[in-house]
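Protein chains get the first letters and strands the later ones, always in sequence-line order, with residue 1 at the start of each.
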Amino acid sequence: MSESSDKCLLLFQSIHKVMQAERIIVSLGIVYQIVPVPKEFSSECGMCIEIDCSDIEVIVPEFQFNNIFYNKVKVDV
Amino acid sequence: MGNFYFDNSATSYPKPPEVAEYINEYLKGGGTYGRSAYDRVVAVSRVVENTRLLLANLIGTKHSDHIFFTSNSTHALNLAIKGLSYPKKRILISPLEHNAVTRPVLYLQQTFGVEYDILPHQSDGFIDLDATGKLDLKLYDLCIVNHVSNVNGVIQPLAELKALLRSVPLLVDASQSAGYIPIEADSWNIDMLALTGHKGLMGPTGTGCLFARNPELISPLIHGGTGSRSDSFLMPDFFPDRFEAGTPNVLGIYGLFGALSAKVLPHFDTHTFKDLLEQIEQLKSFKLKRSASFNRQAFLFSVISDNYTPSELSNQLFKRFGIETRSGLHCAPLAHKSLGTFPKGTVRISLSKYHNPNDLNYLYTALKELDYERK
């Protein structure tokens, strides 16, 4: 599998932050989906965001600007 | 048929059609907030968080995560008043406070010995800034102010007051101002603000929020599940979760989202409203209870009559003209004491953005007819 199609999960502290992050991701035109937080990760809310790992670098500056803190986990396929 | 409902300070009527539309959408769609990740839950979570964002925009703050949903202003005020600490055991309140403030304040007094003083004010309850500036404000833990009086509609000078208070936190009751007049929480440096969704915002009952600039200073009023940090027996230390235990009133929040999305503009202008007040002031048997300055007047006021008690006048207006008003003390005995209308109270007339000039003229005509019958 190519690096560009690797999937990453973005984990947030709260639903408020998930929704805030989703608005930013939508505004950037990035493909994403909201999925349940896998139980092996510390679940701080019921949902997280899955994106292509290659899109992370586009998102990071926007998240930093909006004080959105997250944990990134690469998904094993 | 005109709109003769003049009790919008109690609750707004009519509501924008979007309120029922969104409530209906939720009833058809279902789902809870943030407790899972299937589409129904995500859709609900989006609406809840977009509503939070709209409320933040409405009150002029960038800190949407510091907006906490409550069931009304009273709940929001209790959260703030009972959640703060009072090392100096003394607070300031305005002379026009509602029982939503005075009762929790009396609870503090009786339970913890926290005393209160009333801000210096003019005869219409408007805060006397010069006199306030001469107080030793270092003595106080908190100042609470009703932005717009629910009795005479006086608008208080929040930005100027906060400039005097400096480090003394200011808690604002925006029950009667939100949706009617601008609020700029960040530029005015407001510390905390409580509002309800069903009055000026024209949403459903059972909705409201507290904004807190420094929420870490407030202890939660309600403890329980938040859908976050589920492995912990303690409330989360992040916001808004810390103050939102339990499933929120999603049905109400959908309706509030509809109301905030509607962006209803007033169907009358301030000149028409000013004309109404001036016309009523010409009626000899009536006395207005309003702001001394029209520039500080919101779209509500009270009247008292030489001929009728407040309850009689309210009844005459309804039985003979179909005009709905509220008589009595409006849950604000302190305000009525400050205005000299305690214990009888007044008849309160409170407008909706949906009122048009004909509705206001109808109200005046009814009062004029009752005035002709004066003894």
Sort Ser36(B) into side chain, backbone, both or neither according to what part of it lies under 4.5 angstrom from a heavy atom of chain A.
backbone
Side chain, backbone, both or neither of Glu22(A) within contact of chain B (heavy atoms, under 4.5 Å)
side chain
Do you know which of Glu18(B), Lys353(B), Lys15(B) makes side-chain contact (heavy atoms from CB on, under 4.5 Å) with Val264(B)?
Lys353(B)
Minimum heavy-atom separation for Cys143(B) and Leu165(B), please, with both atom names.
CB-CD1, 3.8 Å
Which portion of Ser64(B) sits near chain A, non-hydrogen atoms under 4.5 angstrom
both
Check whether the side chains of Ser177(B) and His147(B) place a donor and an acceptor atom closer than 3.5 Å, and report yes or no.
yes
Looking at Lys17(A), Gln20(A), Arg23(A), which has the largest count of heavy-atom pairs under 4.5 Å with chain B?
Arg23(A)
Side-chain donor or acceptor of Arg52(B) paired with backbone N/O of Pro240(B) under 3.5 Å:
no
Side chain, backbone, both or neither: which part of Tyr33(B) has a heavy atom under 4.5 Å from chain A?
side chain
Within the 4.5 Å heavy-atom criterion, are Val168(B) and Leu142(B) side-chain neighbours or not?
no
